[in-house]
Protein chains: 2
Amino acid sequence: MPLNLEDLSFDLASLRAAYAAGTPVRAVIAEAMRRCASDAPHAFIHRLTDAEIEPYLAHLDGVDTASLPLYGVPFAIKDNIDLAHIPTTAGCPEYAYTPTQSAFLVQQLIAAGAVPLGKANLDQFATGLNGTRSPYGACRNAFNPDFVSGGSSSGSAVSVAKGWVSFSLGTDTAGSGRVPASFNNLIGLKPSLGLLSATGVVPACRSVDTVSIFALTAADAQAVLAVAAVPDEADAFSRAAKPFGVDFSAGPFRFGVPRPQDLNFFGNDAAIGLFAQSIERLHALGGTAVEIDLTPFLDAARLLYEGPWVAERYVAIQDFIEAQPEAVFPPVRTIIQGGKTKTAAEAFAASYKLKAFKRVCDAVWQDVDCLLTPTAGTIYRIVDMQADPIRLNSNLGHYTNFMNLLDYAAVAVPAGFQGSGDAQGLPWGVTLAAPAFKDVPLLRLADRFHRAQALSLGATSATLADTPAINTAELPKGSNTAGTVKVAVCG
Amino acid sequence: MPLNLEDLSFDLASLRAAYAAGTPVRAVIAEAMRRCASDAPHAFIHRLTDAEIEPYLAHLDGVDTASLPLYGVPFAIKDNIDLAHIPTTAGCPEYAYTPTQSAFLVQQLIAAGAVPLGKANLDQFATGLNGTRSPYGACRNAFNPDFVSGGSSSGSAVSVAKGWVSFSLGTDTAGSGRVPASFNNLIGLKPSLGLLSATGVVPACRSVDTVSIFALTAADAQAVLAVAAVPDEADAFSRAAKPFGVDFSAGPFRFGVPRPQDLNFFGNDAAIGLFAQSIERLHALGGTAVEIDLTPFLDAARLLYEGPWVAERYVAIQDFIEAQPEAVFPPVRTIIQGGKTKTAAEAFAASYKLKAFKRVCDAVWQDVDCLLTPTAGTIYRIVDMQADPIRLNSNLGHYTNFMNLLDYAAVAVPAGFQGSGDAQGLPWGVTLAAPAFKDVPLLRLADRFHRAQALSLGATSATLADTPAINTAELPKGSNTAGTVKVAVCG
């Protein structure tokens with residue numbers, strides 16, 4: 001049965017079916033490249049040429065299509081993550097360098113058969129949550145080019161939402177892997193800190209950075225995580241996955257919801273209704289809502305931007321920003337240079353505060369299995385964002401900034417489309433969060449939540465219902481992400 | 001059988017026997033107070049009066065002596081740890097405040113029957129390893145008043161070594177709970193970080209501080225730890241004990257020994273032989289020596305004093321030292337004010353380095369169960385220390401500075417007496433170290449190592465052989481410090 005490649009959805013199940021039916025990988029990748037070439041939204045900083053892609057295709061020559069978990073799967077890489085022989089710009093042309101080898105986790109994906117197609121646009125040095133802070137062009141929303149894409153992993157999200165690639169890598173310090181997922185109708189997995197190697201990744205705030213995964217479905221995100229989550233001896237922040245414990249995703253489960261006074265939709269009335277529906281949807285899936293006080297979480301969040309962690313951004317590019325301050329995008333420069341004047345005393349004092357906040361926040365896990373929050377309360381037009389770049393950007397991080405500081409895992413999941421207001425027709429999303437290493441039950445619950453809605457995949461015409469649900473019988477590859485544990489018990 | 005109280009050793013076994021034989025607690029405490037009153041070495045900043053002790057004795061009235069694990073046990077408290085209604089000076093009279101309640105862990109000890117007799121002298125603000133940095137007098141070694149006691153927990157060690165109290169509380173950031181143990185022929189337990197609450201303790205470097213325990217025997221240290229190690233909700237750095245895993249203490253076990261080029265005895269030839277004997281002693285106990293490269297440990301250690309952690313000392317007393325800099329002892333002032341100028345960028349950069357060093361250091365635990373090092377290579381005369389206060393103090397921390405930064409547990413244990421040289425007749429000691437939460441097997445091995453020598457207890461005439469060995473059948477109180485674990489395994 002010859003496939004019409006132009007209509008092929010790039011979700012993993014559809015791709016696998018196409019390969020099983022005999023579709024040549026070179027034909028699929030050529031189609032993907034064709035789609036990527038229509039890059040009106042400024043999703044890419046660099047699209048790979050035929051010659052640059054050839055080694056990855058040659059790697060697949062003569063290989064049984066079923067033998068590699070990501071055989072012939074096209075993907076995009078945020079341009080603060082190294083791909084061998086392609087410049088890494090971090091969104092700053094003057095900063096660019098050309099690595100001789102790919103980031104450790106990119107190597108894992110390529111070895112599993114995935115094919116990199118491009119380096120994706122980003123808020124420069126991963127500083128921002130909106131997607132406009134790039135000299136390569138403000139990245140535009142996959143649904144409406146007047147609106148922001150979300151950032152900092154802007155191009156990573158848009159290239160998946162547009163159906164050009166199957167998945168993409170982003171990074172997430174304060175929400176950069178979740179806000180763009182929400183704005184483009186995608187799954188955005190912000191894994192537990194340390195699960196994905198940071199070797200070959202330009203740091204933002206190194207102690208609270210993680211690589212993230214954008215995908216059309218939770219099943220696809222899980223498949224990518226399973227390949228990518230390999231402990232890395234060279235990365236001091238790398239952590240092997242721990243057992244996730246009780247799998248709450250099948251229900252019954254208890255989920256925390258912020259008190260009404262903790263919620264802020266920043267004037268977006270359409271989002272209020274979508275969040276209420278999301279709570280009802282979790283109820284229908286076997287969940288019991290528990291109202292929680294978000295104050296300590298928001299207090300922790302404030303530390304990230306008002307506190308000393310911004311010094312990590314300064315450390316990351318200290319030599320460069322001292323030598324060429326004018327090369328750094330103005331709002332980004334202002335933020336990063338702010339890190340220069342923080343003192344070690346402030347850093348330690350803030351770390352004590354964070355410890356105390358975490359103690360209070362962690363107590364919530366005695367009451368609930370996961371948290372449900374909006375991913376971002378609202379979305380903005382590009383023109384409005386550029387007119388008020390700091391305040392509006394800050395609004396976008398209201399529910400995301402605290403997650404890595406507190407060492408939680410999170411999955412952004414689509415929650416419908418805005419039926420009225422300025423952003424009518426644009427997607428809106430929620431985030432499910434839980435303690436570190438609960439990535440698997442979070443993805444499973446995200447999949448159930450996702451499938452309880454009749455949604456399209458990203459901004460494509462493919463539908464979620466035509467893809468298979470997450471396979472809960474199949475644990476992600478590697479015993480590290482499994483729910484069992486070997487224990488030696490000695491007296 | 002009437003006891004001669006003047007001859008009573010205050011090790012716990014002897015005390016328990018005395019109480020079991022009907023000796024009144026008030027008689028024992030009166031004898032302890034009498035001994036404390038002979039404080040030529042400047043061990044105490046404040047000895048409690050009869051009236052101040054009375055409430056603790058009243059607490060024991062009519063109580064079955066066997067019903068409390070520390071019934072009638074006299075102890076001393078380093079004067080940076082709160083005892084209700086007694087000033088806490090931290091070694092600085094201008095800084096003193098009078099707490100209305102005792103430190104959380106002091107409360108545990110008192111509830112278990114222990115009786116506080118005094119607040120012990122210290123290097124001011126716990127800054128130092130030698131014991132001379134106090135306006136209350138340079139604390140003198142329990143064996144020879146011309147030599148330093150070791151610090152910063154100077155008076156805590158000397159009061160136990162002299163046989164005036166059964167045990168004492170110190171604190172240990174860079175060696176303050178171990179170096180004074182070594183210089184006074186004591187067991188010095190530096191527990192895993194977070195096991196002992198820091199509520200009511202004046203911080204030094206809060207992220208790497210721990211309360212420590214001085215005792216005459218390892219069994220006594222274990223008994224005190226069992227009572228004191230109670231998780232504290234109010235202390236964000238408090239951690240519940242984790243299972244210690246395999247108990248290597250009975251042997252066969254593998255122990256790491258620094259390469260010859262990593263060892264530094266700072267000219268003390270007598271110590272060279274004592275360390276060689278210590279290695280042989282562990283061999284005889286079933287250990288196999290494995291030579292290890294100490295370089296990454298020493299690199300981590302250098303971060304503590306040359307790096308930004310000193311900013312924590314500044315944070316701890318920032319308001320005070322800004323208001324009254326002249327009130328701070330000169331070498332201490334120089335050190336603490338050095339923390340003021342460190343930047344947050346330096347703090348984060350150093351934390352990255354430490355992460356990387358820890359990764360390298362931790363690899364040693366794949367080869368060995370524990371480390372054996374000198375506690376301090378040598379000891380100094382007070383007059384020499386005061387003439388060269390920074391460099392000689394730094395020498396004392398060669399083997400101790402890295403331990404808390406790397407999150408290891410350690411026990412300082414006596415290893416004999418120096419038979420020649422300037423410090424002839426003074427004790428010398430080694431430290432056994434292992435990863436966090438291995439306090440129990442470390443104490444058990446320390447006890448075996450200790451008992452393989454015919455030693456006296458501290459500077460008293462009592463002998464170790466007359467006390468019972470550590471009870472390995474009896475785990476410290478509370479399942480938290482036991483070697484078993486409840487595991488829920490879910491697919």
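A, B, ... follow the sequence lines: proteins, then strands. Residue 1 opens every chain.
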In terms of heavy-atom pairs under 4.5 Å, which option from [options] contacts chain B the most?
| options | result |
| --- | --- |
| Phe357(A), Tyr352(A), Trp309(A) | Tyr352(A) |
| Val310(A), Leu354(A), Val315(A) | Val315(A) |
| Pro308(A), Ala311(A), Ala344(A) | Ala344(A) |

| message | Given heavy-atom pairs under 4.5 angstrom as the criterion, report whether the side chain, backbone, both or neither of Thr341(A) touches chain B. | response |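 The answer is neither part of Thr341(A).
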| request: From the options Asp209(B), Thr171(B), Asp82(B), select the one residue that forms a side chain to side chain contact (heavy atoms under 4.5 Å, CB included) with Val201(B). | output: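 Exactly one candidate clears the test, Thr171(B).
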| In a check of side chain to side chain contact (heavy atoms under 4.5 Å, CB included) between Val332(A) and each of Ile317(A), Ile321(A), Thr127(A), which one passes? |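 Answer to the side chain to side chain contact (heavy atoms under 4.5 Å, CB included) test with Val332(A) among Ile317(A), Ile321(A), Thr127(A): Thr127(A).
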| field | Charged N-O contact under 4.0 Å between Arg302(A) and Asp299(A) | value |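 Judged by the 4.0 Å cut-off on N to carboxylate O distance, Arg302(A) and Asp299(A) do form a salt bridge.
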| field | Most chain A-contacting option - heavy-atom pairs closer than 4.5 Å, from Arg313(B), Lys342(B), Lys340(B), Glu346(B) | value |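 Most heavy-atom pairs within the cutoff with chain A belong to Lys342(B).
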| query | Picking from Gln318(B), Glu233(B), Arg206(B), which has the most non-hydrogen pairs under 4.5 angstrom with chain A? | reply |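 Top count of heavy-atom pairs under 4.5 Å with chain A: Arg206(B).
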| request: Enter the distance from Phe125(A):CZ to Asn80(A):CG here, rounded to the nearest 0.5 Å. | output: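 Answer for the CZ-CG pair, Phe125(A) versus Asn80(A), is 10.0 Å.
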| field | Exercise: do Ser192(A) and Arg239(A) side chains pair donor with acceptor under 3.5 Å | value |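 There is no such pair (donor and acceptor under 3.5 Å, judged by atom type) between the side chains of Ser192(A) and Arg239(A).
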